[in-house]
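Below you'll find the structure, written out as structure tokens, and then a few comments.
Order of listing sets the numbers, starting from 1, for every ligand and every atom in it. Only this structure's heavy atoms are used, side chains among them; waters, hydrogens and symmetry mates stay out.
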Amino acid sequence: MMIRKATLLILATSLLLPASLQASPDSGTEALYQQHCASCHGSDRLGGMGPAVLPDNLSRLKKPQAEDAIRNGRPATQMPAFADILDPESITALAEYIYRPPATTPTWGQAEILDSHLLPHSHGSLPEEPVYEADLMNLFLVVEIGDHHVTLLDGDRMEPIHRFPSRYALHGGPKYSPDGRYVYFGSRDGWITKYDLYNLEVTAEVRAGINMRNIAVSADGSYVMAANYLPHTLVLFDADNLELMDIIPVENDAGDSSRVSAVYAAPPRDSFIAALKDIPEAWEITVEDGQPNVRQMQTDTWLDDFFFDPGYDHLIGAARDGKHGLVINLDTGKTVADLPLPGMPHLGSGITWEYQGKRVMATPHFRTGAVSIIDMDTWEVIKTLETEGPGFFMRSHENSRYAWVDVFFGPNKDKVHVIDKQTLEIVKTLQPAPGKVAAHVEFDRYGEKLLLSIWDNDGAVIVYDADTLKEEKRIPMNKPSGKYNVWNKINYEEGTSH
Ligand code: HEC
């Protein structure tokens, strides 16, 4: 209400004053926003029934696409078309407006988090038996970003069991509880949703921030940690009911604050590890008696994206300059190696396997068509495998001879490479749907079958035999992005991300 009054005042003043003396060049657009958009996107642009419309939240949407959404609406959603209501100049002005930071930085602290908490089914109140029959360890969740839904798939029969709506724009992979019964989703706008896979019900939700990167669940399943871009916080929740436990402001000793790029669970260490965007530090957070303790590790440069060796003794971080990766010993906090990884590695999707008696890791690159294969004892790059373009995801399974990497960017985005893990050569290149992005593989629990996404509104997941590489079937889906197998995730299978 306060904001509306202020807006009216500005409007009134703007009628009386010459343009050069007006309070703000935005005041007219601000008024349009309050009149036409605020009811769904919030008077402060933090979101409501519709998503948040703030610059950070819109970073993946290009301005012309935003303009198109305003002009034509989004079919089959609540987003109306404004082409008949607003003139073209107003639509352009509104599209400009939502990419500008608000006059005052919005806050999201204890009061807002507590206020947002929803608890449809408190922990332990729903039946202990699943409402369907399937191998609960071989379930997959498929995130369909096209219309913000999630499909639960039976990994034995490769048939959908259930499909349910998610929060707008899920971000970072969903995380399972250690027993595989619950799954936690994080959304771009900061919502954490806890979902009961036995009863097919949302049990708890909370909004941890305004713009969130991802969440992690502690190895013992007791805590959930959220990594935020806005505000600059890590937020700790009790995993049972998503009750707020603590908000950790993210800043260094000099008082400079930072966005959090991502948070990871480190099971053997019983800790969380956080990658910070704006200060050259990595954080390890342990929780004792409900209190988080932060250990700050200074690093030689800004590190964005982390990978861990299987024992969580080392972290490998991608340097922000996109030219190398640093290996840090997590006990001493010291840098032990500097890897030449020139094309901005996507370490978050790295995998490991046994090769000639030693463990190697492999990572695709965002900017070069190459997969780097690294010896994890000597931290040397033993092979740079050329691909048909930059990749996003790499996947395998302990029981499979092959590793899969997509060509996510560039003209060959519809191709995927199959790499023989023992010869380190590409043995096959598939192009399952010409012209459409083919990306992200996830194996079933046995490593016998795998799912590949056709990343399109008129898309599918394709089931392959992991050994013969033959297609078995296509299950239609609306822009399926990630797929998450319960067994592989809760057992930290070597061929998938965590
Ligand atoms: C009746 C509710 C409603 C109103 C009014 C409304 N929107 Fe939306 N808007 C939505 C919903 C819901 C979505 C998400 C649609 C989807 O699922 O793709 C959305 C999506 C958007 C998007 C795309 C966001 C993204 O991250 O992809 C933009 C931009 C947008 N709206 C701007 C506006 C503007 C500007 C106005 C006012 C002129 C407005 N909206 C009015 C409900 C509304």
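- At a heavy-atom cutoff of 4.0 Å, ligand 1 is contacted by no atom of L32, backbone or side chain.
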V405 and V416: side chain to side chain contact (heavy atoms under 4.5 Å, CB included), yes or no, with the steps? CA-CA 6 Å; V405 65; V416 277; over 6 Å; no

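- Contacts between F82 and ligand 1, counted as non-hydrogen atom pairs separated by less than 4.0 Å, involve the side chain only.
- In terms of protein heavy-atom proximity, atom 26 (O) of ligand 1 is nearest to R188 NH1, 2.8 Å.
- For Y182 and H123, the ring centers sit closer than 6.0 Å to each other.
- Within the 4.0 Å heavy-atom criterion, neither part of Q65 lies near ligand 1.
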Table please: side-chain donor-acceptor pairs of residues 224-232 below 3.5 Å, with sequence neighbours left out.
from, atom 1, to, atom 2, distance (Å)
N228, ND2, A208, O, 3.2
N228, ND2, T233, OG1, 3.0
H232, ND1, S257, OG, 2.7
H232, ND1, S258, N, 3.4

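- Sorted by chain and number, the protein atoms of type N, O or S within less than 2.8 Å of atom 8 (Fe) of ligand 1 are H41 NE2, M79 SD.
- At least one cation-pi condition fails for R181 and Y195: the charged atom is not both under 6.0 angstrom from the six-membered ring centre and inside a 45 degree cone around its axis.
- The side chain to side chain donor-acceptor pair (under 3.5 Å) analysis of residues 69-80, with sequence neighbours excluded, yields the pairs E67-R71, D68-N72, R74-Y168.
- Taking the six-membered ring for Trp and the full ring otherwise, Y223 and F237 have centroids separated by 6.0 Å or more.
- Interatomic distance, E205 CD to S116 OG, rounded to the nearest 0.5 Å: 9.0 Å.
- For ligand 1, the polar-atom distance check against Y168 finds a nitrogen or oxygen pair separated by under 3.5 Å.
- The nearest protein atom to atom 29 (C) of ligand 1, hydrogens excluded, is given as I98 CD1, 3.6 Å; this is a heavy-atom distance.
- The nearest protein atom to atom 15 (C) of ligand 1, hydrogens excluded, is given as T77 OG1, 3.5 Å; this is a heavy-atom distance.
- Under the 6.0 Å cut-off for aromatic ring centres, F392 and F366 qualify, their centroids lying closer than that.
- Sorted by first and then second residue, the side chain to side chain donor-acceptor pair (under 3.5 Å) pairs involving residues 429-440 (not counting sequence neighbours) are R395-H440, D414-Q431, H417-T429, H440-K483.
- Remark: minimum distance from atom 5 (C) of ligand 1 to any protein heavy atom is reached at H36 O, 3.3 Å.
- Between the CZ atom of F82 and the CG atom of L94 there is a distance of 8.5 Å, given to the nearest 0.5 Å.
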